Number of protein chains: 2
Amino acid sequence: MTIDGEGAEAPRDFETLRASIVERRAALPKRLAQVAIYALDNPDDVAFGTAASVAQSASVQPSTLVRFAQSFGFQGFSDLQDVFRSRLRDRVLTYGERLSRMRQHGLTASRSSLVLDGFLEAAEQSIAGFRKSMDPQALDRAVDLLAGADTIYLIGLRRSFPITSYMSYAMGKLGVRNILIDAVAGMGAEQAGFISARDAAVAVSFTPYASETVALAGSARSRGARIVAVTDSVFSPIASPADALIEVSEANFEGFRSMATTMAVAMTLSVAVAARRGEN
Amino acid sequence: MTIDGEGAEAPRDFETLRASIVERRAALPKRLAQVAIYALDNPDDVAFGTAASVAQSASVQPSTLVRFAQSFGFQGFSDLQDVFRSRLRDRVLTYGERLSRMRQHGLTASRSSLVLDGFLEAAEQSIAGFRKSMDPQALDRAVDLLAGADTIYLIGLRRSFPITSYMSYAMGKLGVRNILIDAVAGMGAEQAGFISARDAAVAVSFTPYASETVALAGSARSRGARIVAVTDSVFSPIASPADALIEVSEANFEGFRSMATTMAVAMTLSVAVAARRGEN
DNA sequence: TTTCTGCTGGAACATTTATTCCATTCCTGC
DNA sequence: GCAGGAATGGAATAAATGTTCCAGCAGAAA
C-alpha cells in the first residue's frame, strides 16, 4: 500500500498549515505547487469560494484542488477550506486543535496549560475585538449619567456577579456611594426597593440573561432611575430600557466566556465616574 | 405583481443591514426576530455556515431563514449571506484604515475612553507577561491536588472576591463540589469550620493581603487541607503554607490592578479540575 | 527509443444545498 | 367565540457542489 502525501494528520489551524505548505512547496508537482502559491496569496478567496471558483482562479481543475488537499492530509477540499475559514473567523482554537498543533511542533504540554492558553487567548481576542467595536460615545454617556447620580445600584447576578462585586469594591475605595444587589436570602427586590429617580443603576447581564437581573433593571427603570446596561447584544432584554448601552462581546473557550473586557469596562466605569465627580 | 416584504432594495453593506435589522426587529414576527438576534450576535457563523447549519444554531427552519432574507429585500439566504461575507472581507482589507482611525480617535478621545484604553492595555500586558513567566508544573500540581479533593473551599475576600465568586459559579456549573467563603455576617471562620484533611482550598490574595484571607488559609492548612495559593509574590503570606503556588503579577493602571490574568487562571482551574475528574 | 511511474484533465456521480410550496398552527380583530 | 389572515414547520424539488474515477499524457530511468 502507498502512504498518501503525508501520513501525518492534517493541520487544524492556519499558521501550521501555512508553514507546512511553504515547507513542502518545492517538492510538489507542478499543478499542486500552482495551487499552493494561489492559496497562500489569496487565502480569502479560498475561504469563501467554491471548489469550482477557486479552481478557475488558480487555473487548475477542481480535482487538482482535492488532490492538493489530500496530499496535506485533509479528506477533501472542504476539509482544507475549513482551516482557511477559521483564519478569518479568528476564533479561539479549540482544545483538540491546540493539542494537534502542539504535536506538530513537537512540543508536549500538560493539558492544564493548554486550557490556560485557551483562556489567555480568548482574553486577548476579546480585548482586541472590543478595541475595534466599542462606542466611545456610549461610554461617555454612561459615565456622565453615573457621575450625576446620587447612589449607584449595581445589578448583576450569577456569571455577572464577579463584575458587580468588583465595581462595588472599587467604587467603595473611590468614595462613590453604591449598593451592590447580591440577592442574598432572596432579598434582591427589597435591596432595590429604595432606588429613586435621583439614582442610577448599572445592569450587567449576558446570555442567557438571568431573569432576576432583567426584572430588577426594569423595576429600577420604572422608578425613574437611569440605567447603564453592560451586555452582549443590542437585543438583550436589558438593552432597550437602558439610557446608555455598552456592548461587550467576549470570546469564549470551550464554552466559557472570557471576562477580561467586561472587567476592564467595570474598572473604567468606576474610575471614570470618580474622576468626573472630582472635577466638579 | 406584489411587492415583496420591503419594497426597498436590499442593503449591500453590512452596517446598513445591521441598522435596518435593529430598526425593524420589534415589528418582526417571532421566528424572524429570533433570526435577527442570532444573525447580529453571530455574524461570523452566518457568513460561513450553510442554511441548514445556521438554521439549526438559531433554532429555526431553513425556510425561515429564506423568509427572513426576503423580508429584507434579498432574493434568498445566499444573497443575504454575501453581505455577511463582505463584512469579513472588508475587515481584513481595511486593517490599515483602522490604524489611522485609531490615531484620530486618540486626539479627540474623551477622558473615559482614555481610561478604558489604559485598562485594556494593562490587561494585555498582564496576559503577555504571564505567558512568559508562568510555571506549568505548578499549575498541574494545583489541578491534581484540587481534582483529588473532596470539597474545594474558595477563599478570597475584598478585591479577590470576584475571582472566587466566579470560580464558585463555574465549578457549580461543572458539578465540582465547592464552598465559597464569602464571610457574610462575619461568619468566615464558621464557614470554613468544617474543612477537613480530605478537602482542599484555593486561596486568592494580593497586596495588601487581606488578613482574614491569610487567617482562613492558615486555619485550613492546620486542619490538614491542601492549599492552592493564587497570589502576586513568593513572599506573600499565603505562599509559604501552600502546596501549589500560582504566581500572577498583574499590570496596573492608575493603581488598579488588572484582573484579566487572574480570571483566566480561575477559569482554568475550574475547567481543568472538572476535566481531570472526568477522565477517571 | 522504450517502458514505467505518477501527474493531470475532464466527465460522471452521489451528496448536499437552497429554495419553494402547502397544510397546519397561531394570532389578531371583531 | 369565531373568522380571517399571517406565520410557521416540514417535505418535496431542482440546482449546485465536492468528490471519484479513468483514460491519456509527460517525464524519468534503462
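Owing to the predicted nature of the structure, the values given are computational and were not obtained by experimental measurement. Values below: all heavy atoms of this structure, side chains included; hydrogens, waters and symmetry mates excluded. In what follows, every chain begins at residue 1, and chains take the letters A, B, ... in the order their sequences are listed.
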Taking only distance into account, with no hydrogens and no angle test, what donor-acceptor pairs under 3.5 Å do side-chain atoms of residues 167-175 of chain B form with protein atoms, sequence neighbours excluded?
residue: B:S168; atom: OG; partner: B:N178; partner atom: OD1; Å: 3.0

Please report, to 0.1 Å, the donor-acceptor pairs under 3.5 Å made by any side chain of residues 230-248 of chain A, with sequence neighbours excluded.
residue: A:T231; atom: OG1; partner: A:S205; partner atom: O; Å: 2.7
residue: A:T231; atom: OG1; partner: A:S236; partner atom: OG; Å: 3.0
residue: A:D232; atom: OD1; partner: A:Y209; partner atom: OH; Å: 2.8
residue: A:D232; atom: OD2; partner: A:T207; partner atom: N; Å: 3.1
residue: A:D232; atom: OD2; partner: A:T207; partner atom: OG1; Å: 2.6
residue: A:S233; atom: OG; partner: A:F235; partner atom: N; Å: 2.9
residue: A:S233; atom: OG; partner: B:D41; partner atom: OD1; Å: 3.0
residue: A:S233; atom: OG; partner: B:D41; partner atom: OD2; Å: 3.4
residue: A:S236; atom: OG; partner: A:I238; partner atom: N; Å: 3.2
residue: A:D243; atom: OD1; partner: A:R221; partner atom: NH1; Å: 3.3
residue: A:D243; atom: OD2; partner: A:R221; partner atom: NH1; Å: 3.2
residue: A:D243; atom: OD2; partner: A:I227; partner atom: N; Å: 2.7

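When ring centroids are compared, B:F48 and A:F48 come within the 6.0 Å threshold.
To the nearest angstrom, P of C:dT19 lies 14 Å from CZ of B:F68. A straight line from CD of B:Q34 to C1' of D:dA7 spans 13 Å, rounded to a whole angstrom. The distance from atom CZ of B:F84 to atom C1' of C:dA18 is 17 Å, rounded to the nearest whole Å. Remark: P of D:dG10 and CG of B:L65 are 15 Å apart, rounded to the nearest angstrom.
The environment of A:R85 atom CZ is dense: over 12 non-hydrogen atoms of other residues, nucleotides or ligands sit within 6.0 angstrom.
In this structure B:Q81 satisfies the side-chain hydrogen bond (donor to acceptor under 3.5 Å, both in side chains) test with no other residue, sequence neighbours excluded.
Exactly one of B:D13, B:D82, B:D44 qualifies for a salt bridge (Lys or Arg N to Asp or Glu O under 4.0 Å) with B:R87. That residue is B:D44.
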List every contact pair, protein side and nucleotides 13-19 of chain D side both N or O, where the distance is under 3.5 Å.
residue: D:dG18; atom: OP1; partner: A:A51; partner atom: N; Å: 3.0
residue: D:dG18; atom: OP2; partner: A:A51; partner atom: N; Å: 2.6
residue: D:dG18; atom: O3'; partner: A:S78; partner atom: OG; Å: 3.1
residue: D:dT19; atom: OP1; partner: A:F77; partner atom: N; Å: 3.4
residue: D:dT19; atom: OP2; partner: A:F77; partner atom: N; Å: 2.7

Short N/O separations, protein against nucleotides 5-8 of chain C, under 3.5 angstrom:
residue: C:dT8; atom: OP1; partner: A:K30; partner atom: N; Å: 3.4
residue: C:dT8; atom: OP1; partner: A:R31; partner atom: N; Å: 2.7

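Applying the salt bridge (charged side-chain N to carboxylate O under 4.0 Å, His left out) test to residues at least two apart or on different chains, the pairs with a partner in residues 111-125 of chain A are A:R98-A:D117, A:R98-A:E121, A:R111-B:E279, A:D117-B:R131, A:E124-B:R131.
In this structure, the separation between OG1 on A:T164 and CD1 on A:I152 is 13.0 Å, given to the nearest 0.5 Å.
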